[in-house]
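All remarks here apply to the structure that follows.
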Protein chains: 2
Amino acid sequence: MRRPTMKDVARLAGVSPMTVSRVVSGEPGVAPATAAKVGQAVRALGYQRNDNARHLRRKSPGTATIGLLVDDLANPFYARMARSVEDEAHRRGCLVLIGSTHDEPRREREVVAAFTARQVDGLILVPTAAGHGFLRGPAHAGTPVVCVDRPAPGLAVDTVTVDNRAGARRAVTHLLAHGHTRVAYLGDRVGIWTQGQRCAGYLDALTARGIPEDPALIRHGLRTGDQARAALAGLRALPDPPTALFTSNDLITLGVLDDLDHPAPLAVVGFDDLPLAERLTPPLTVISQDPLALGGAAAGLLFSRIAGDTSAPRSVVLETRLVERGSGELRRA
Amino acid sequence: MRRPTMKDVARLAGVSPMTVSRVVSGEPGVAPATAAKVGQAVRALGYQRNDNARHLRRKSPGTATIGLLVDDLANPFYARMARSVEDEAHRRGCLVLIGSTHDEPRREREVVAAFTARQVDGLILVPTAAGHGFLRGPAHAGTPVVCVDRPAPGLAVDTVTVDNRAGARRAVTHLLAHGHTRVAYLGDRVGIWTQGQRCAGYLDALTARGIPEDPALIRHGLRTGDQARAALAGLRALPDPPTALFTSNDLITLGVLDDLDHPAPLAVVGFDDLPLAERLTPPLTVISQDPLALGGAAAGLLFSRIAGDTSAPRSVVLETRLVERGSGELRRA
DNA sequence: TGAGGGTTTGGTAACGTTCCCACCCACTCG
DNA sequence: CGAGTGGGTGGGAACGTTACCAAACCCTCA
């Protein structure tokens with residue numbers, strides 16, 4: 001019941017294992033008649049090469065495996081990123097080991113360690129907020145890393161992000177252009193890199209219009225839809241409540257959606273597109289990012305590093321897109 | 001610049017590689033003082049074990065890697081499945097190799113071959129419609145396979161599906177209970193297993209009510225939203241048009257959504273939940289499946305097989321849930 | 001006929017690890 | 001005091017493959 005090895009094939013074909021290796025790997029210098037015999041034996045035994053053993057012995061191309069570590073694979077954003085990474089890898093005959101960090105630094109380290117213990121040729125990483133010094137150890141020497149979606153502070157590696165700041169600025173500028181002057185910011189913890197950038201973009205837009213920042217309109221640390229809803233209630237209770245919201249991620253956008261029209265209708269622009277956003281009432285105006293492009297760019301960078309590119313770390317910044325659907329305009333009851 | 005090996009650690013610690021192996025793998029029978037010396041050398045060199053070499057030599061537990069092959073990782077349904085598989089694997093100290101078939105049998109075979117060439121301990125597969133005889137070859141001997149979402153015809157392995165037929169029956173029964181008598185079926189190619197089951201469930205519901213099947217109300221082979229919309233136009237043009245639709249997957253549901261209210265409002269129940277379905281107008285009634293449960297069940301089965309369970313192949317069928325939100329009721333303009 | 005060149009083939013060692021066994025040493029006990 | 005015990009350690013081989021080199025073969029041409 002053992003799986004057949006090259007030795008078994010060699011015995012059956014009456015040749016040496018070396019010759020079998022040559023045939024199976026498509027190397028030249030084998031007589032056609034011999035190759036045919038070997039091929040027959042391979043099919044007869046249902047032989048399949050053990051690529052782990054192969055990669056252990058070979059030096060030149062590595063294991064033809066890369067690791068992809070995202071925050072949460074169930075998040076459609078990362079799922080699409082993963083898909084385009086897998087597509088690029090497949091085109092290059094490479095497999096993908098996948099993992100989710102769930103934003104836990106410990107799990108990130110564990111999984112990265114498990115990946116490198118498997119001798120991955122490279123790593124695409126959505127880094128957690130923790131330090132990434134461990135990636136500089138000798139165990140990772142020669143394993144290129146590419147960060148996606150956010151940079152790893154203090155780690156000088158290729159990074160692919162979208163221009164969160166410009167996107168947020170665009171969103172808020174859109175609201176201001178439609179006559180709003182009191183625009184609130186609703187975001188997750190400002191320590192999260194993307195959230196910090198988006199908040200900065202929000203402030204940029206205000207500054208450009210000469211509108212002073214009002215701390216009462218800025219809410220950080222909203223981690224759930226319920227917290228976002230509560231924050232909205234708080235904003236409505238202000239003596240001078242906002243007439244428009246910029247919601248800094250899709251969870252928050254969803255959270256405020258319920259209470260958008262009561263007691264008074266509020267305009268809203270959200271960061272991150274939602275499926276069906278155009279069918280909501282009102283149709284949702286959003287800043288949309290392209291996760292497929294993110295994943296594709298990251299994979300492209302990684303594979304050129306694997307191919308031997310040793311130039312200075314690159315930083316790719318992709319643009320966002322404002323998708324106007326109506327919810328950003330002035331709304332009256 | 002070479003990565004350190006056990007030999008390097010052994011040399012530095014002044015012991016044999018064997019002793020390093022024991023320390024690194026946490027085996028007993030090493031004097032505490034020796035273990036400390038080795039640990040120090042490990043940290044000094046930043047040594048990390050090569051798990052590929054390890055798994056090549058070891059027999060008992062395999063490579064601690066499983067393969068997961070879905071139709072399309074960008075599909076949120078499969079993404080959530082993948083997440084729960086990865087979670088289960090992580091709990092067991094196992095890594096996950098991932099791949100997408102894009103419903104191409106050739107790609108399926110390629111990726112499965114690449115997985116087994118890496119000596120995965122098991123395989124979770126969303127099978128394409130093609131034959132799967134290749135999984136019976138000696139190369140796959142001893143590699144358990146679990147099919148998920150749909151069975152692989154002619155392959156006697158553990159399978160986890162949802163009860164598509166009962167779900168569809170439930171959906172149509174719901175429409176009939178709300179006074180509809182002319183209910184149309186809109187589905188993808190009936191050769192796709194899930195679609196066949198859902199169509200059967202549709203017919204079951206009609207039969208139970210004594211309503212004769214009307215071929216004019218049944219549309220197969222709708223592969224895009226546009227085709228679904230066109231099919232709806234055709235149905236509306238009938239002398240005796242339907243008053244309700246059962247749409248057999250989310251793509252089709254989305255396709256008909258646009259034209260649901262004009263010229264006359266139609267009721268609809270869709271198979272497969274959509275995010276934001278409750279915020280659409282009308283709020284969409286759907287048959288919802290639980291991809292996390294599917295993935296979890298598949299992983300559970302696979303790991304018990306890997307642990308040595310050799311009982312007859314099991315077939316797990318999960319229930320669906322009817323989520324009533326209004327769109328299934330009788331609708332008037 | 002024999003030297004020279006090319007093609008085809010096989011033997012040996014090595015990749016980094018662990019299994020199996022033998023060894024060494026310090027004790028204990030008769 | 002010698003034989004037995006048991007924990008701690010190391011040597012050699014092996015997992016399945018490929019790099020490297022040497023050998024065997026065939027053919028051509030002087």
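Here is the naming used below: chain letters follow the sequence lines, and residue numbers restart at 1 for every chain.
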Strictly below 4.0 Å: does [X] bring a side-chain N or O up to OP1 or OP2 of [N]?
| X | N | result |
| --- | --- | --- |
| A:S21 | D:dT17 | no |
| B:T19 | D:dT9 | no |
| B:S16 | D:dG10 | yes |

Take the protein atom [atom1] of [X] and the nucleotide atom [atom2] of [N], then report the distance between them rounded to whole Å.
| X | N | atom1 | atom2 | answer |
| --- | --- | --- | --- | --- |
| A:D8 | D:dG16 | CG | C1' | 11 Å |
| A:Q48 | D:dT17 | CD | P | 10 Å |
| A:R54 | D:dT17 | CZ | P | 10 Å |
| A:E27 | D:dT17 | CD | C1' | 12 Å |
| B:M18 | D:dG11 | CE | P | 12 Å |
| A:L56 | D:dT18 | CG | P | 11 Å |
| A:H55 | D:dT17 | NE2 | C1' | 11 Å |

Using heavy atoms to find the nearest nucleotide of DNA chain C for B:R58 and A:P17 separately, return the residue whose nucleotide is more 5′.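 In this pair, the answer is A:P17.
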
From CA spacing to verdict: side chain to side chain donor-acceptor pair (under 3.5 Å), B:T101, B:D103: CA-CA 5 Å; B:T101 62; B:D103 216 4; 5.2 Å; no

Judged by each residue's nearest nucleotide on DNA chain D, which is more toward the 5′ side, A:R2 or A:R22?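 Closest to the 5' end, via its nearest nucleotide, is A:R2.
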
Identify, between B:P28 and B:A53, the residue whose nearest nucleotide on DNA chain D lies closer to the 5' end.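 The answer here is B:P28.
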
Which heavy atom in B:V112 sits nearest to a heavy atom in B:L69, and how many Å separate them?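 So the minimum-distance heavy-atom pair works out to CG2-CD2, 3.6 Å.
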
Between A:A82 and A:I98, which heavy-atom pair has the shortest distance, and what is it?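 Looks like CB-CD1, 4.0 Å.
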
Would you say the side-chain atoms of A:H140 and B:Q48 include a donor-acceptor pair closer than 3.5 Å?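 Side-chain D/A pair, A:H140 to B:Q48: absent.
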
Quick one: are B:L294 and B:F77 in side-chain contact, heavy atoms under 4.5 Å?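 Touching, per the 4.5 Å side-chain cut-off.
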
Give me the bend of the helix from C:dT1-D:dA30 to C:dG30-D:dC1, using the axes of the five pairs at each end, rounded to 10°.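 Both end axes considered, the difference amounts to 70°.
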
Under a 4.0 Å N-O cut-off, is there an ion pair linking [X] with [Y]?
| X | Y | value |
| --- | --- | --- |
| B:D71 | A:R83 | no |
| A:R118 | B:D51 | yes |
| A:R2 | A:D8 | yes |

Give a yes or no on whether B:R49 atom CZ has more than 12 heavy-atom contacts from other residues, nucleotides or ligands under 6.0 Å away.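 Yes - once you tally the heavy atoms of other residues, nucleotides and ligands closer than 6.0 Å, there are more than 12.
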
Would you say that more than 12 heavy atoms from the other residues, nucleotides or ligands in this model lie under 6.0 Å from the CZ of A:R80, or not?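 Atom CZ in A:R80 is not packed in, count stays at 12 or less.
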
Record whether the side chain of A:R57 comes under 3.5 Å of the base of D:dT18 through a donor-acceptor pair of N or O atoms.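 For A:R57, whose side chain was compared with the base of D:dT18, there is a donor-acceptor pair (under 3.5 Å).
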
Using a cut-off of 4.0 Å on non-hydrogen atoms, how would the nucleic acid contact of B:R49 be classed: base, sugar-phosphate, or nothing?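 Sugar-phosphate: the residue B:R49, judged by heavy atoms under 4.0 Å, touches backbone atoms but no base.
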
For chain A, the stretch of DNA chain C it reaches, first to last nucleotide, under 4.0 Å of its heavy atoms: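 In short, chain A contacts DNA chain C from C:dT8 to C:dG16.
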
